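What follows is a single structure, written as structure tokens, with notes after it.
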Amino acid sequence: MDYNFTEIEPKWQQYWRDQKTYHVENNSQKPHYYVLDMFPYPSGAGLHVGHPLGYIASDIYARYKRLRGFNVLHPMGYDAYGLPAEQYAIQTGQHPAKTTEQNINRYREQLDKIGFSFDWNREVRTCDPQYYKWTQWTFLQLFNHYYDEEQQKARPISELVAKLEKSGEAIVDGKKWVELNEKEQQDHLMNFRLAYLADIPVNWCAELGTVLANDEVVNGLSVRGGYPVERKLMRQWSLRITAYAQRLVDGLEQVDWTDSLKEIQRNWIGRSEGAAVWFPIDAPTSSVDAPTALFMGQVDPTPVPSFEIFTTRPDTIFGVTFMVLCPEHELIEKITTPEQHDEVMAYVTWAKNRSERERQAEVKKVSGVFTGAYAINPLTEERIPIWVSDYVLAGYGTGAIMAVPAHDSRDFAFARHFDLPIRQVVATEKDAISDPNTWEESLDAKTGYSVNSGFVTGMKVRDAIKAVIDKIEEMGIGHRTVNYRLRDAAFSRQRYWGEPFPIYYKNGIPCPIPEECLPLLLPDISEYKPTATGEPPLGHADVWAWDVANRKVVSKSMIDNETVFPLELSTMPGFAGSSGYYLRYMDPHNDKAYFSPEAVNYWQKVDLYVGGAEHASGHLIYARFWNKFLHDIGLSVVEEPFQKLVNQGMIQGRSNFVYRSKTDNKLFISKGLVKDKDSVTPIHVDINIVDNDILDIERFKEWRPEFADARFELEEGKYVCGWEIEKMSKSMFNVQNPDDLVARYGADTLRMYEMFLGPVEQAKPWDTKGIEGVFRFFKKFWRLYHNESNTFSICDAEPTKAELKVLHQTIKKVTDDIERFSFNTSVSTFMICANDLAGLKCNKRAVLEPLAVLIAPFAPHIAEELWHLMHNDNGSVCDAEWPAYDEKYLVEDSFKYPVSFNGKMRFTIDLPADVQQDDAVAAVRATDDFQKWTAGKEPKKIIFVPKRIINIVC
RNA sequence: GCGGAUAUGGCGUAAUUGGUAGCCGCGCUAGACUUAGGAUCUAGUUCCUCACGGAGUGGGGGUUCGAGUCCCCCUAUCCGCACCA
């Protein structure tokens, strides 16, 4: 029988389903191993060949681990909440649940054809109430906890309340905790809850009608749809991820990720050490009141009105020549002098109305305005002007800086533009002092020596930084501190298709719905757009109020603000559901808990996580935060959820083009005959009617009516298409659908070929050329187990040394390759092995049986078929044992030293790995070649290189 | 601008991690079997040269008996961040 994958593959896929081959239990004598893929968002377009790349790699590893005797958890599910389904709903009125369900079914169908070893019994969907119940539950835990700085972990908010009750400190407006009313108390607690409601500057996307997180915005445009995004102050739920900033940085030390990925996360968190310093305000003409707590929850420690700045370069404080506030700074109103008032207000208004995109595009443009007020440099007691400029950001530090134009490029540009003084306080050498007004650029480097800097003059910069901070702390006007670029995560989305917040509003105070009442089900609504009054889509829901007494959702008409209250109208963002799904897989059917302690104690964490690097600053940060929080409250047992992480490279599309003549739009010119590029129009052509860049002319004519009467200028009877690497997308007709390839070559060939394309981590264009080579390999491989008349035929004879060498080499190479995730080389190894065994005409069971096991992770269907043929339909190759290799078959038995002379001054001689230096040198000296080439003279040097080579310099 | 990565035949890639550069596959060339082949098999295929030979891992320098691999300086491409004080 020929290699008939169309018969083999569905048969074994059915067999695995029937036998529950990949069903995993949460207990076993075997060691455990958890292999996870980033679950997909089920889009309407279905899977293209890029999606399965990572799944195939992880499936190979999971199957390999199983064969090595591990109990392997390898689940799959769907990140089912998301914007596209909702956009589609707005257009068509179809319920997103329905389209999502359809898309999931399509995904499942496609995935099943590729022969993955997922335990589908553990499938999760983020939009399933049994799943999002726990997303909501976690939100409530975040709401009910605060971050205790002393213990460096999350603690129940009740502990904070207890502390506040005891402490006699004034909190708000000189009042103690016990003196505050409920609203004031709750408002105060919002400053501490890990999930909190606050007016925050958010990325508002008017087109999508929702707020977006920082990682959902690129260059001022939304990632989904590419719509403009503006900065806006809105009352929003946020997660206090910044509380975990340090632990998120530290945790990176413990995980086995690529350096580049860790670096992306470090940059995103953006830790920088420096000092917070209070600058007194010297504003005789203004009306500054008593000292106030302005930022960072700090209370002004100085006796006179002052404001706080953050700097990483406290050593340059002697070079401060002006201060700058961000346009949003609340001090502006208080300090601006009457003369400057109009100008400052005009600037602030202008700055606020600028879109994010404008602001980012005009970064180089200097703008700002003087407030008329002055600050006092606490170390020099100089009077320095306070300016306002949008180059200072509201969201970082305190939104105020001390400007040192000589040593900061932005301050330098600002000083130049407004003709402010520039003073040198750092020099590369101790006496390298010059007039900074003549400089081309500022001296920003954190090296060199302090000059003109009072008591730190002459110190190295690093020492000066330390000395100045010490001084500031001693004076009580500031302290050492760390700042992070990371912001708290905006957690509200003004849209429908997401998890509802389990929150109702009792006279403006957000209150949690009791845990026992979860899940709070997403209601059906009539329309998916925002309401006429600009409320999120959930505003359309009629039955959307919380009846506290009866603990259930009731009609909005019953709201009386006594026992029935309005529910939150926004929903959670996409990352809510994906932040803990890997934990739910451990115990997916548990309706009493997120997951049982037994389950998490058994599996612990994800050992191998495979997915795209595009999640580096989104999902992978949120999930780590989520896990750390769950760890703090005693749920997850390990702080870092993803031990090893592999980023599969993106598969780009390879588009094909035909060239239409500009003078004759029925004439298409073959690529090689196009002389002048401007005389033709390249047109994308569906890659499915092109084979190896040769156009199928008949199918092309049928493809589009306007091409039906096309004429062609051919090269040697063929029409050759041009090509280009582009993103894989429908509009470029370059989407390769895995189903078509499975139908034509089989799943095993697709799996192997995707691995053969190159290293998993590397981005690469999809190119179907070459899949034939892998397909040929399978036909050849199949023939190893069959005789000339295509009947299954293997014999039990003893294998020869040569055959054993081939086998053991293959075992060693493939094992090593899988361990280091180098699947493209293992495919090559299998090809070499098949060529060698075909050459040796080897049909011996002792060789072919281990070989079938070896290939099973890559090509499970053919492996299963051959295994059953060899074992009279008993057992499954999935239960086989991974073969071990024996070194002795890998070494040549005769100790011959193949000698070669490289034509110049030295010999290179191959040696077996374990040979000793003296033996090797003696053996070399004994050869005739040695005598001949050294002409009887003693060589200058004999260099022995461990392993295999001797170099002899004559 | 800052940070990270990469650079090898016509193409995808490999190189036992410092040891004969180009494995394996695609493509191409020639041949065999075939009515035919987008089937199968055999041989060849880094470049220059009829050949002898020579050159060769983006460019330049260095370390080493020996460098695709390590170090320094460029160049190009890709990715991340981007007024982060």
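Predicted model, so just to flag it, every value in this text is computed and none were measured.
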From B:A15, B:G27, B:U40, nucleotide with atom closest to A:K769 side chain: B:G27
Selected nucleotide, minimal atom distance to A:S260 side chain, candidates B:G4, B:U17, B:C83: B:G4
Minimum side-chain heavy-atom gap A:P327-A:D390 below 4.5 Å: yes
Is the phosphate of [N], meaning OP1 or OP2, less than 4.0 Å from a side-chain N or O of [X]?
X: A:R776; N: B:C26; answer: yes
X: A:N824; N: B:A14; answer: yes
X: A:S272; N: B:A85; answer: yes
X: A:N835; N: B:G25; answer: yes
X: A:K779; N: B:U40; answer: yes

Is it true that [Y] and [X] share a donor-acceptor pair across their side chains at a distance under 3.5 Å?
X: A:T242; Y: A:D488; answer: yes
X: A:Y396; Y: A:S272; answer: yes
X: A:Y885; Y: A:Q809; answer: no

Taking atom [atom2] of [N] as reference, at what distance in whole Å does atom [atom1] of [X] sit?
X: A:R313; N: B:C83; atom1: CZ; atom2: C1'; answer: 17 Å
X: A:E273; N: B:A85; atom1: CD; atom2: P; answer: 12 Å
X: A:N483; N: B:A85; atom1: CG; atom2: P; answer: 8 Å
X: A:R266; N: B:C2; atom1: CZ; atom2: P; answer: 20 Å
X: A:M402; N: B:A85; atom1: CE; atom2: C1'; answer: 9 Å
X: A:E263; N: B:C2; atom1: CD; atom2: C1'; answer: 11 Å
X: A:F778; N: B:G25; atom1: CZ; atom2: C1'; answer: 14 Å
X: A:K446; N: B:A85; atom1: NZ; atom2: P; answer: 8 Å

Greater than 12 external heavy atoms within 6.0 Å of A:E273's CD: no
A:N835, CG atom: more than 12 neighbouring heavy atoms under 6.0 Å: yes
For B:G62, glycosidic torsion class - syn if within 90° of 0, otherwise anti: anti
Chi-angle category of B:U77 [syn within 90° of 0, anti beyond]: anti
A:Y396 vs A:R783, nearer the 5' end of RNA chain B by closest nucleotide: A:R783
A:P765 vs A:G773, nearer the 5' end of RNA chain B by closest nucleotide: A:P765
Pairing partner of [N] (Watson-Crick or G-U wobble, both distances under 3.5 Å):
N: B:U17; value: none
N: B:U6; value: B:A76
N: B:C81; value: B:G1
N: B:U45; value: B:G27
N: B:A51; value: none
N: B:G56; value: none
N: B:U40; value: B:A32

Nearest-Å distance once atom [atom1] is located in both [N] and [M]:
N: B:U57; M: B:G9; atom1: C1'; value: 10 Å
N: B:U20; M: B:A67; atom1: P; value: 11 Å
N: B:A14; M: B:G25; atom1: P; value: 15 Å
N: B:U6; M: B:G58; atom1: C1'; value: 11 Å
N: B:U40; M: B:C26; atom1: P; value: 10 Å
N: B:U77; M: B:C24; atom1: C1'; value: 27 Å
N: B:U49; M: B:G62; atom1: C1'; value: 33 Å
N: B:G22; M: B:A15; atom1: P; value: 13 Å

Have a look at [X] and say if it touches a base, only the backbone sugar-phosphate, or nothing, with a 4.0 Å heavy-atom cut-off.
X: A:I401; answer: base
X: A:V324; answer: nothing
X: A:S389; answer: nothing
X: A:I264; answer: sugar-phosphate
X: A:K780; answer: sugar-phosphate

Strand-adjacent residues in residues 749-758 of chain A, judged by heavy atoms under 4.0 Å from RNA chain B: A:F756, A:L757
Output field: ring centroids A:F414/A:Y391 closer than 6.0 Å: yes
Distance flag, aromatic centroids of A:F412 and A:W439, threshold under 6.0 Å: no
A:S367/A:Y347 under side chain to side chain donor-acceptor pair (under 3.5 Å): CA gap, chis, key distance, verdict: CA-CA 9 Å; A:S367 70; A:Y347 180 75; 2.8 Å; yes
Extract all donor-acceptor atom pairs below 3.5 Å that involve side chains of residues 315-326 of chain A and protein atoms in other chains or at least two apart in sequence.
residue : atom : partner : partner atom : Å
A:D315  : OD1  : A:R313  : NE           : 3.0
A:D315  : OD2  : A:R313  : NH2          : 3.1
A:T316  : OG1  : A:R313  : O            : 2.7
A:T321  : OG1  : A:P421  : O            : 2.8

Lys/Arg N to Asp/Glu carboxylate O, A:D816 vs A:K812, below 4.0 Å: yes
